[in-house]
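Shown next, in structure tokens, is the structure this report addresses.
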Amino acid sequence: MVRITEDMVRRRAEHNNCEIFSLEELSLHQQDIERLEHIDRWCRDLRILYLQNNLIPRIENVGRLKKLEYLNLALNNIEIIENLEGCESLQKLDLTVNFVWSLSSVCSLRGNAHLRELYLVGNPCTQYQGYRAYVIATLPQLQSLDGEPIKRAERIRAEQGLEELRRWVLEQQADQQQKREQDKRMEHKNPTSIVQDGGNQQSPESEAECMQREREFWETPCDFSPESRLEAHRYLEEKRRQRTADKEKKPKKSRTLMAEDGRALNVNESKHLDTSLMEVDVQPTYVRVMVKGKVFQLSLSGEVKPDSSTAQRSQTTGHLLITMPWAHGEVKPKKMPQQKPLVSHSNQQEEETKREWLEVDPSKSCRVDLSNIATTTHTAPQSLRKPQDVPVSEDFVDDPDVPPLI
């Protein structure tokens, strides 16, 4: 029996940094879960919950999910719609291909005021006369039933004949319940036993008998019920265990890493795994990478230096880079000298005749001589200059009390 564990929920919460208390979307489909539990205590903020394709027989332990908007319980073993009154925000409920025979149990969804879509395709209750009209009249908040929108005229007609519809539905429901109880009693009287072979090696005759038994199991008609679904599931699980046991008991083929003459062979058995599971071994003539017991080996064309070799792996792409220098130095490609195009003697003479030499007179050059822009003239300082004789006017009077200007 598969139970919902905290580790299972955390592994499905990688998009939320493995935090489950603030998780808003959870997918637990195809896990063979046989009971719905713990989710209402661990994930109070859930808005979307996927539980399709499991073995859940009853809706329970989801009443505390006040923010839940979408609940998918398709392909389970549910027979009665119940325990959803506490899901105040529920807008969409998917119960496709279950075993809901109690159509009157849809009355428990009246309190879900925000419920807009309901899917009951593939349930026994959909075979009742007046099924669609009864659901539409019972749940006035619905806008779509089994993927078909509900029209206003259809709702008015369903509400007008609700009392008669309820009587029909209850009669058909009672017949279905009686048939269901008979099936349960028959199942208890004649329980099916699954033969366990224990993974022993079988002879060709026993293998043929096993194939015949398997063909009879799948071709024998049976009622479509939760018990038949559980029986098929257990049968497949037992077959899976037998195949696993057979693989474990089969002797593994011995690896051949070296040829008879001592040469290393090219071998590739590795897979992309964590770096801690990798082991790199560099030898002078080959390199070997062990990944969780798997071998990847390459033979080298020449000898390398194992002590100078390095191994690096990218953290983004996972690519493994092994650098191995050659033992006799690095081998680099030789650069080929560039060859000039061959010119024949006749073509060379033609080019020389076509050339015209331009002679220019250096005196007529228009180039500016920058060396003679500034002339180098040595001028005496102002303090050393001799005073010049200034002519004296006729009206000048030499006053001895006035000091000289210089």
Side-chain angles (χ1 to χ4, degrees), residues 1 3-4 26 28-29 33-44 46-128 130-132 134-142 144-146 162 165-166 169-181 183-184 224-227 229-230:
M1 178 178 179
R3 307 290 291 268
I4 298 177
L26 180 61
L28 295 174
H29 62 284
I33 299 171
E34 297 186 20
R35 187 181 179 186
L36 188 54
E37 54 187 351
H38 303 311
I39 296 179
D40 59 338
R41 293 189 291 107
W42 295 340
C43 311
R44 291 290 187 90
L46 270 184
R47 297 180 181 273
I48 301 174
L49 180 57
Y50 296 100
L51 289 166
Q52 66 269 27
N53 204 356
N54 284 292
L55 301 171
I56 300 172
R58 184 184 177 191
I59 304 174
E60 55 185 346
N61 299 321
V62 292
R64 298 180 184 178
L65 302 177
K66 303 298 182 181
K67 300 180 181 180
L68 187 64
E69 299 177 358
Y70 176 34
L71 177 60
N72 192 332
L73 285 166
L75 293 167
N76 279 281
N77 295 341
I78 297 170
E79 300 184 50
I80 299 176
I81 304 173
E82 56 185 348
N83 300 324
L84 291 174
E85 296 84 356
C87 300
E88 300 173 355
S89 303
L90 187 63
Q91 300 179 10
K92 183 178 179 180
L93 177 61
D94 193 346
L95 293 170
T96 303
V97 191
N98 276 270
F99 300 94
V100 179
W101 55 266
S102 178
L103 186 58
S104 61
S105 62
V106 298
C107 297
S108 63
L109 299 175
R110 285 179 178 176
N112 303 96
H114 300 283
L115 185 63
R116 298 292 180 265
E117 298 181 52
L118 177 63
Y119 291 86
L120 293 171
V121 178
N123 288 273
C125 64
T126 58
Q127 304 298 325
Y128 296 170
Y131 146 74
R132 182 175 175 85
Y134 176 79
V135 176
I136 293 174
T138 306
L139 303 176
Q141 72 271 29
L142 272 187
S144 174
L145 178 60
D146 296 334
L162 179 59
L165 288 172
R166 183 180 291 110
V169 167
L170 292 177
E171 291 178 358
Q172 299 173 83
Q173 182 176 301
D175 296 340
Q176 183 67 25
Q177 184 178 3
Q178 185 178 2
K179 180 182 178 183
R180 180 79 184 94
E181 292 176 355
D183 293 341
K184 288 182 179 180
F224 183 60
S225 63
E227 290 78 16
R229 179 177 284 180
L230 282 173

Residue list, ring-ring contact (aromatic ring centres under 6.0 Å, His included) with [X], at least two apart or on another chain:
X	answer
Tyr70	Tyr50
His29	none
Phe99	Phe224

Salt bridge check: are Arg180 and Glu227 linked by an N-O gap of less than 4.0 Å?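 Glu227 and Arg180: salt-bridged.
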Straight-line distance of [X] [atom1] to [Y] [atom2], nearest 0.5 Å:
X	Y	atom1	atom2	answer
Leu36	Arg58	CG	CZ	10.5 Å
Lys92	Asn112	NZ	CG	16.0 Å
Leu120	Asp94	CG	CG	9.0 Å
Leu103	Gln176	CG	CD	11.0 Å

Can you find a pair of side-chain heavy atoms, one from Leu28 and one from Ile39, that are under 4.5 Å apart?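 In short, these two side chains touch, coming nearer than 4.5 Å.
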Any side-chain donor paired with an acceptor under 3.5 Å for Asn123 and Tyr131?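 Distance-only check fails for Asn123 and Tyr131.
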Give a yes-or-no answer on whether the side chains of Gln177 and Trp101 include a donor-acceptor pair shorter than 3.5 Å.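 There is no such pair between these side chains.
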Quickly, which of Leu73, Ile4, Asn76 forms a side-chain contact (heavy atoms from CB on, under 4.5 Å) with Asn54? Name it, please.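 Option passing the side-chain contact (heavy atoms from CB on, under 4.5 Å) with Asn54: Asn76.
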Restricting to non-hydrogen atoms, name the atom on His114 and the atom on Glu88 that form the minimum distance, rounded to 0.1 Å.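 In terms of heavy atoms, the two residues are closest at CD2-O, 3.1 Å.
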